[in-house]
Amino acid sequence: MSQQHLAVVILAAGQGTRMKSSTPKVMHEIAGLPLIGHALATAQALDAEYVIPVIRHEKELIGEYISGFYPSALIAEQDAVPGTGRAVECALAALPADFDGAIVVTSGDVPLLNVATIEAMLSAHRAGDFAATVLTTFLDDPTGYGRILRSNDGEFIEIVEQRDAKPAQLEIDEVNAGVYVFDAKKLRGALAKIGSHNAQGEKYLTDAASELLAEGEKVQAIAVEDFWLVAGINDRVQLSEVAKELNFRICEAWQKAGVSIQDPATTWIDVTVQIGEDASILAGTQLKGSTIIGQHATVGPEVFAVDMLIGAGASIVKSHATGSTIGAGATVGPFAFIRPATNLGSDGKIGAFVETKNAIIGAGSKVPHLSYVGDAEIGTDSNIGAGTIFANYDGVNKHRSQIGSQVRTGSHNVFVAPIKIEDGAYTAAGTVVRKDVAAGDLAMNIAPQRNLAGWVLANRPGTKAAEAATAAQQAKS
Ligand code: UD1
Ligand code: CA
């Protein structure tokens with residue numbers, strides 16, 4: 001059945017001047033994907049034969065993103081003729097000439113549009129044998145959108161752009177959502193006939209709907225109640241408003257899936273994140289990228305996590321973490337800085353004011369306080385003393401340190417890499433470890449302590465320290 005053929009056109013060739021940005025509008029991100037990524041994901045879920053993004057401004061950058069995200073998309077390029085109508089004409093040129101079926105048109109700047117809405121439009125379109133179906137919504141403030149003109153009996157007449165509208169038409173609060181279904185063949189014919197006699201001198205896609213009507217075809221406009229689904233982004237104010245709404249919806253979906261989110265207003269979760277049941281996300285937390293959080297884990301308050309794997313029952317508090325793995329039941333923070341390729345084993349600990357990078361810390365091992373662990377491997381159930389530095393950089397190259405299992409290192413150590421400390425070894429407080437330590441040995445290189453008797457009274461007379469020392473001496477005698 002030819003009616004079942006489906007192509008989706010995504011308009012993304014506009015300049016997006018209202019963003020005032022060197023980044024093209026559709027590449028601005030919300031919830032971890034550029035705007036065009038959201039539109040592509042929706043198109044992909046529709047399972048169309050052809051998905052055709054139309055690009056022009058910054059076409060290399062946008063084209064590269066599209067090819068990476070959706071390799072089978074058929075990228076079309078708009079020529080110098082401006083307007084949404086021309087953009088669709090260029091998309092149709094990329095389709096096989098005999099393509100016969102429905103064309104869904106969406107915009108790269110309408111990120112919340114979902115599959116259910118398009119599917120509902122498609123069935124209404126097909127059921128009534130329409131040439132065009134226009135999606136609309138009602139807005140308290142319709143400024144900037146095209147207005148929907150209807151006859152007295154409610155039939156669609158035409159779409160008038162803000163800039164072309166008469167004052168009375170500007171009062172209309174039903175707006176064009178910029179989402180359409182067209183019959184492919186009829187759309188080709190209509191686009192060939194429309195001009196650009198309007199305030200912007202552009203070839204408007206909106207005129208194709210009234211053109212089809214004038215040709216005696218059936219055109220309908222159907223309204224969607226949830227206006228966020230069709231919110232378009234033209235400037236950075238709208239970008240943050242839509243991002244906030246999307247985030248609220250993402251949080252709500254996770255809450256309904258069994259995740260506790262203490263404060264959705266201050267919690268930001270990318271669409272790409274996965275969270276297990278009974279996990280708790282506390283206020284001020286941002287979960288980004290490919291982050292996966294296990295069941296019963298607690299994340300937050302105030303955790304910034306990018307591309308993190310956080311195991312079941314793990315806990316991470318007030319920390320910044322990227323590209324790393326936290327094992328089941330492990331604890332992190334507060335104030336930890338987890339840099340890429342850290343792998344903390346199950347029930348391990350990375351404590352307060354600890355920075356890690358490219359470090360494997362085995363199950364049950366702990367780095368509790370004030371340390372830097374870089375380019376290191378630590379076995380299981382070892383304890384690294386407070387204030388330890390893994391000195392991995394000799395000024396030219398980075399080297400690795402290897403610490404075994406059941407090792408106990410003293411406070412304020414420096415491990416000068418490359419170095420190896422074998423299983424069950426100890427190091428004394430203040431040791432600078434430059435030589436390997438064999439299993440079960442104690443390493444120490446502390447200089448003998450000398451106390452210079454009476455130094456303070458002789459060299460700092462009259463100070464508070466001297467007074468305290470004198471008082472202490474008198475009390476003893
Ligand atoms: C458009 C509609 C308006 C509707 C609104 C909904 C037209 C003439 N107007 O207005 O009725 O209420 O969307 O959000 O269609 N684009 C191209 N090539 C171009 C121009 C634009 O591909 O030459 C793309 C843009 O990249 C964007 C989309 O089309 O993704 C819409 O363009 P935009 O300039 O944002 O149109 P609006 O003024 O919002
Ligand atoms: Ca727009």
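Indexing begins at 1, ligand by ligand and atom by atom, following the structure's order. Nothing here was measured: the structure is a model prediction, and the numbers come from that model.
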Side chain, backbone, both or neither: Lys25 near ligand 1, heavy atoms under 4.0 Å: side chain
Enumerated ligand 1 atoms positioned under 4.0 Å from heavy atoms of Gln78: 17 (C), 18 (N), 19 (C), 22 (O), 23 (O)
Gln238 side-chain N/O to Ile233 backbone N/O, donor-acceptor pair under 3.5 Å: no
Test: Asp109 and Arg18 ion pair at under 4.0 Å: no
Minimum-distance pair of heavy atoms, taken over all atoms of Ile10 and Ala43: CD1-CB, 3.9 Å
Heavy-atom proximity to atom 20 (C) of ligand 1, best of Gly146, Ala177, Gly83, Ala87: Gly83
Proximity of Glu161 to ligand 1 by residue part, where a heavy atom lies under 4.0 Å: side chain
Verify atom 1 (C) of ligand 1: protein non-hydrogen atom under 4.0 angstrom away: no
Heavy-atom nearest neighbour of atom 12 (O) of ligand 1 within options Asn176, Val134, Val105, Ile10: Asn176
Lys/Arg-Asp/Glu bridge criterion (N-O < 4.0 Å) met for Lys398, Asp375: no
Protein heavy-atom partner closest to atom 15 (O) of ligand 1 - residue, atom, separation in Å: Thr84 OG1, 2.7 Å
Ligand 1 N/O within reach of Asp109 N/O, cut-off under 3.5 Å: yes
Which atom of Pro111 lies closest to which atom of His38, heavy atoms considered: O-CB, 3.5 Å
Identified side-chain contact (heavy atoms from CB on, under 4.5 Å) partner of Thr42 from the options Val104, Leu112, Val115: Val115
Gly14: numbered ligand 1 atoms lying under 4.0 Å from its heavy atoms: 16 (N), 17 (C), 18 (N), 21 (C), 22 (O), 24 (C), 25 (C), 26 (O)
Side chain, backbone, both or neither: Val175 near ligand 1, heavy atoms under 4.0 Å: neither
Asn234: numbered ligand 1 atoms lying under 4.0 Å from its heavy atoms: 35 (O), 39 (O)
For Gly108, the ligand 1 atoms whose distance to one of its heavy atoms is below 4.0 Å: 30 (O)
Carboxylate-amine/guanidinium proximity below 4.0 Å for Lys186 and Glu215: no
Per-residue contact class, Arg18 against ligand 1 - non-hydrogen pairs under 4.0 Å: side chain
Note, Ile103 side chain near Leu95 side chain (heavy atom, < 4.5 Å): yes
Ala13 N/O under 3.5 Å from ligand 1 N/O: yes
Residue Thr206 vicinity, atoms of ligand 1 by number, heavy atom under 4.0 Å: 7 (C), 8 (C), 11 (O), 15 (O)
Asp173, Val224, Ile222 screened by side-chain contact (heavy atoms from CB on, under 4.5 Å) with Thr137, the one that passes: Val224
Value rounded to 0.5 Å, distance of OG1 in Thr356 from OH in Tyr372: 8.5 Å
Point-to-point distance, once rounded to the nearest 0.5 Å, from CG of Leu344 to CD1 of Ile350: 4.5 Å
Euclidean distance, Ile194 CD1 relative to Lys203 NZ, rounded to 0.5 Å: 5.5 Å
Proximal atoms of ligand 1 relative to Tyr204 (non-hydrogen, under 4.0 Å): 8 (C)
Interfacing atoms of ligand 1 (cut-off 4.0 Å, heavy-atom, Ser107): 28 (C), 30 (O), 31 (C)
Parallel, tilted or perpendicular, as decided by the 30° and 60° cut-offs, for the rings of Phe130 and His125: tilted
Taking atom 13 (O) of ligand 1 as the reference point, the nearest protein heavy atom with its distance: Gly178 CA, 4.6 Å
Closest approach of any protein heavy atom to atom 24 (C) of ligand 1, naming residue and atom: Leu11 CB, 3.6 Å
Within-3.0 Å protein N/O/S contacts of the Ca ion (ligand 2): Asp109 OD2, Asn234 OD1
Asp207 side, atom CG; Leu212 side, atom CG - distance, nearest 0.5 Å: 11.0 Å
Glu89/Arg86 ion pair, N-O < 4.0 Å: yes
